[in-house]
Trainee: 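Shown below is the structure under consideration.
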Amino acid sequence: MAKKIPFNVVFASDEDVNFPASELNTHGPTVHGWRSTVGGSLATHDIILRFQQPAKIYRIQLLAHQYLIPEKVELWLHYSPKSLPSTPSSQYFDFLGFVALADNANTNYKSRELQSVTVTPRRGTHLKLRLIGSQNNEYNRTGQISLLAVNVLGEDLDVGTSSNGNGNGNGEEHIGSEAPPLDTATGELALASICDDLLFSMYVEESIVKYIRELEQRKTLAVSSERFEYARKLKLCMTALRTAGERLGRYSLAKRQAVQQEDFTTAKLRKEQMEMYRAAVLRQLQVQQLLETQGVQSSNDQSCEIYAGGKPSLPPAPSLQEVAHALAEAALSPKSIASQDDKSSTDGSLGQASNESVVVVSAAPVAIAPAALHATPTHASGWRKSHDEIPQSPRLPSRHSSPMCSRQGSLRRRNKSVPRNSYEDYEERAIPALRQECQGNALLEADPNRGRSRLNDRERRQAALPILVFGSELVEQFYSRQFQDREDGLMRLRNFLKELEVVEVASNEHAASPNKVARSAALLLHRAVRDAVYSVFSQATETVRVLFLEFVPGRVSPSEVARCVDRLLPELLAKSGDPSARLHTLAQHTILSIAACPEVAEQSLVAPALSRSVGSGTHQRLAMSRLQMLEQLVHTQGISTDKHSGLTCRALSECGCSGIHHPAEPVRKVAERILLLVYKLNPRMVRKQLPPDDDITRRNLLYRQLFTEFDKLDLERKQELLDGSKCVGDAATPPADKPTTSSDASRLLKSKSGQALGLAASSSNGYASCNGKQQYNEQLKRSMLSASNSRKGSASNSESTEDNTPKIRCPFCDWSCAGSDATQLDRHYWKACPFLTKCPQCSQVLEVAALNYHLTTECDAKESYVVCARCTESVHKQLYELHQMEDYCRELKTGAARCPLCHDDVHLPLDGGWKLHLLSAAGCPGNIRKKNAKKSN
């Protein structure tokens, strides 16, 4: 695996005295880098690096300056065995290629460019960098160029291997065909340690780098010994240490700047600040325990609180004011005073020096404050804390308007005519706000009450209520410039709203009312949902859902709910029109979640904003999002008759008609679906909003498609009305309890079951909706029509016959008998007819086809029966779970009916299927009457 190849600069064509080429030998936050002489006449600049031992080269990394940028950098490699002498003049370099650097104008010369070049694996002992040309800009008028850092990645060659070469310098004898080691997961060059990357070593403090290297070695051993919990802790610890190391690197840079300015008091405070923060981080992360310097510790293989929740939290960094107070307290402690008294009794000069040191430390803020006030007159109240997060990147943008602005820390220069030609004015502007941090902390030390809050006066007035309810610390996180702080603030607010559900608010006399909590949360979330960072917006939408779905119901008054929705809904609607899919999808989901809140639905706060007319100039994404959400609300909440609900037929039809004229086709499709939903309920209202349905209108493809769909719905509605009228016409008079005479046979057939058969065709009961097409009702209706027709036919035949012999015939099963005794037909109905059966609950005689419907709608015990959603049979509630485990409980086939006796499917029930099933020899095996008829025969 590739690792960092150590080297030394042995030759440079020229260099600035203050920026020698030897700066390239080391990496770190405080490295100056190499810089050419000012006003030099050389067009090309050569820098030769000698590796400490021969190496196989895989990758070369270059870190350019912010504005002193060469046009390109050529790479040359030389190889000579250790046995052969080599000098720069006698070396032959092989050309590897060149790297072209950007002019950096698009970043306003505030960022550093990192170039990583992967080369064909070659042996080498010397690397020559040839910097050609200079990219002139407003900050580089003299043609000076610079190089901040160079990093070489590869592998060391064995002594035997490196001595076998012929020393011609090309380094291609035996490794030209080898491939560099690659990471199987990412496909990038596999590094032995993350610390070897230039991106890491240039921004992480050196002492932290050592700890991370040791932790990487321990992680490799832990994985090999299958101590995976220990390895997980080590990985999380290294991630947290890198963040802390970048902060320490910025502190180290601030300390160096203080030394260059001969501000030794601030330099001392910076040094103590670094030591205090480093010790706090190592103690918080339990680094010494993880290193296992005393041997294997079993506690590392067990879960602990620090590493249980993912990335461990770092301790807060001490400000310079806290460091100064700590030093003053340490100097004034009883032990230190006693030791000072002992020293003063033995040596007065030492005592005097000790007293002077105490006075200097405690008076340091007072001595620095006037200078800071003079240097920054416009930012006296806007200083940030010294431990603010700063973006961590190889291209770190500065917060100033130009990279050469002075040490005032202001966004505007008071005197633009002042020349800026000092290195200290800008050299470290790539890591922003460090001088501002030093001077700002001096102001904080002079006045402890200033700078504790990062809110200005206007923001404090805006957030007065949230500060009163949630505290200033949480509100400061919402107004922070760092998105991590804003995310933490949203998480804390969400936890606060959830905890308020568990903890009884009334138990605390000083607790804020739910109305104030909701209003304060809405004020903060109104700022958060406008955030440009996606992670912050995601956290904000999650908090909005918690507010309306968990906190608001049953707590907040309706007027306060309306105020919260009025504040948040416009911002979420604007986000729903964002071109990014993840943003507008998340915004739509949040708006629909708000609409699902009972308090919001009762007041109809969301639908009126969605059902407004869509103009042709509305952005496609915004219009489509609004119509999609409106369609979803129609499905979930239905069409209302309340004129203020926003879901009336008039409002929906007007919105849909405006949407079908939008130039975007996806918007028109959604608008058509909304119109079809309204047309099913109120066709006249929809047609009133559209042009007349004639040949001229149908020439338009849009209207032709829409009117075609309307015609289909009209045809379905007419068919339903026609079928319903036929069934109602065939309905009979109220039935008798039991059939007693032959004239009551027709009444039996038109009993409760028969009347319900006609009504079922036009009603939308639970049973009819089980199969989705109302097949069951139509089957029963057709069976009743066939039965009545058969009765009419039998009556007509009996009237037309000239035979004087009376004959009785069953209209269902064609049973007949001679004689005029009507009781015989009644007994046949009651005991023998295979087409009829008795209700197991009320003993009423009815058709087998109508038994399921009778048990759930007409029977006296209908409350005890439910319709099976799978097979459409009527099942007792206590036996429902057992019924669903039976084999015969299966999905009903299309166009079939389910027999309640044998649980088989009856095919073609509308065309004699029931008669074939109940009367044929191989018909219903569960029909007891048919079996008894066979035995009697």
Side-chain angles (χ1 to χ4, degrees), residues 4-28 31-65 68-101 115-117 119 122-134 142-154 156-157 162-163 165-172 198 201-202 423:
K4 181 185 295 187
I5 304 299
F7 59 82
N8 294 317
V9 178
V10 296
F11 174 78
S13 57
D14 66 333
E15 62 183 17
D16 194 334
V17 178
N18 297 323
F19 305 95
S22 59
E23 286 281 324
L24 300 175
N25 294 335
T26 58
H27 300 155
V31 169
H32 289 291
W34 168 85
R35 193 178 287 188
S36 63
T37 57
V38 180
S41 59
L42 296 178
T44 61
H45 307 268
D46 293 342
I47 301 175
I48 299 179
L49 316 177
R50 182 178 63 189
F51 306 143
Q52 294 184 1
Q53 62 179 8
K56 185 192 303 182
I57 307 304
Y58 295 141
R59 176 174 292 179
I60 300 172
Q61 294 180 314
L62 304 175
L63 184 61
H65 197 267
L68 304 179
I69 309 171
E71 293 182 355
K72 66 177 181 178
V73 179
E74 294 182 352
L75 306 176
W76 302 74
L77 187 66
H78 168 75
Y79 173 73
S80 61
K82 290 186 176 181
S83 58
L84 300 178
S86 177
T87 60
S89 59
S90 64
Q91 293 168 352
Y92 173 79
F93 287 89
D94 183 50
F95 179 69
L96 300 180
F98 70 91
V99 178
L101 299 176
Q115 285 282 358
S116 296
V117 183
V119 299
R122 298 197 180 194
R123 298 181 304 176
T125 55
H126 295 75
L127 176 67
K128 179 168 68 174
L129 305 175
R130 176 166 291 173
L131 291 80
I132 302 175
S134 173
T142 60
Q144 193 178 14
I145 59 176
S146 175
L147 192 63
L148 294 180
V150 180
N151 190 30
V152 182
L153 299 174
D156 293 333
L157 289 178
S162 62
S163 62
N166 55 10
N168 60 357
N170 53 20
E172 299 179 356
L198 188 62
S201 57
M202 282 298 292
Y423 158 73

Trainee: How far apart are the closest heavy atoms of Ala100 and Gln115, and which atoms are they?
Mentor: O-NE2, 3.8 Å
Trainee: What distance separates Leu77 CG from Ile60 CD1, expressed to the nearest 0.5 Å?
Mentor: 7.0 Å
Trainee: Once rounded to the nearest 0.5 Å, what's the spacing between atom NZ of Lys128 and atom CZ of Phe95?
Mentor: 11.0 Å
Trainee: What verdict does the side-chain contact (heavy atoms from CB on, under 4.5 Å) test give for Val10 and Leu49, after you've listed the backbone C-alpha separation in whole Å, the side-chain angles of each residue and the deciding distance to 0.1 Å?
Mentor: CA-CA 6 Å; Val10 296; Leu49 316 177; over 6 Å; no
Trainee: His27 side chain to Met202 main-chain N or O, any donor-acceptor pair under 3.5 Å?
Mentor: no
Trainee: Given side chains that start at C-beta, do those of Ile57 and Val152 come closer than 4.5 Å, heavy atoms only?
Mentor: yes
Trainee: Is the shortest heavy-atom distance from the side chain of His78 to the side chain of Asp94 under 4.5 Å?
Mentor: no
Trainee: Can you find a heavy atom in the side chain of Pro6 that is under 4.5 Å from one in the side chain of Gln53?
Mentor: no
Trainee: Are any side-chain N or O atoms of Glu23 and backbone N or O atoms of His32, one a donor and one an acceptor, separated by less than 3.5 Å?
Mentor: yes
Trainee: Distance from Leu148 atom CG to Leu198 atom CG, nearest 0.5 Å?
Mentor: 9.5 Å
Trainee: For side-chain hydrogen bond (donor to acceptor under 3.5 Å, both in side chains), just list the numbers for Ser116 and Gln61, CA-CA rounded to whole Å, side-chain angles, deciding distance to a tenth of an Å, and then say yes or no.
Mentor: CA-CA 4 Å; Ser116 296; Gln61 294 180 314; 3.2 Å; yes
Trainee: What residue among Asp14, Asp16, Thr142 forms side chain to side chain donor-acceptor pair (under 3.5 Å) with Thr37?
Mentor: Asp14
Trainee: Please report whether the ring centroid of Phe19 lies less than 6.0 Å from that of Trp34.
Mentor: no
Trainee: I'd like to know whether Leu62 forms a side-chain contact (heavy atoms from CB on, under 4.5 Å) with Val73, so could you lay out the CA-CA distance, the side-chain angles of the two residues, the decisive distance to 0.1 Å, and finally the verdict.
Mentor: CA-CA 9 Å; Leu62 304 175; Val73 179; 3.9 Å; yes
Trainee: What's the separation between atom OG in Ser36 and atom CD1 in Ile145, rounded to the nearest 0.5 Å?
Mentor: 5.0 Å
Trainee: Measure the spacing between NE2 of His65 and OG of Ser146 and express it to the nearest 0.5 Å.
Mentor: 4.5 Å
Trainee: Heavy atoms, side chains only, cut-off 4.5 Å: are Phe7 and Arg50 in contact?
Mentor: no
Trainee: Distance from Leu127 atom CG to Ile47 atom CD1, nearest 0.5 Å?
Mentor: 10.0 Å
Trainee: For the pair Asn25 (side chain) and Val9 (backbone), establish whether a donor and an acceptor sit closer than 3.5 Å, ignoring hydrogens and angles.
Mentor: yes
Trainee: Tell me if a side-chain donor or acceptor on Thr125 pairs with a main-chain N or O of Phe51 at a distance below 3.5 Å.
Mentor: no
Trainee: Is there a side-chain contact between Phe93 and Ile48 (heavy atoms, below 4.5 Å)?
Mentor: yes
Trainee: side-chain contact (heavy atoms from CB on, under 4.5 Å) between Asp46 and Leu131: does it pass, once the steps are laid out?
Mentor: CA-CA 6 Å; Asp46 293 342; Leu131 291 80; over 6 Å; no
Trainee: Are the side chain of Glu15 and the backbone of Ala21 linked by a donor-acceptor contact shorter than 3.5 Å?
Mentor: yes
Trainee: Quick one: are Leu101 and Glu71 in side-chain contact, heavy atoms under 4.5 Å?
Mentor: no
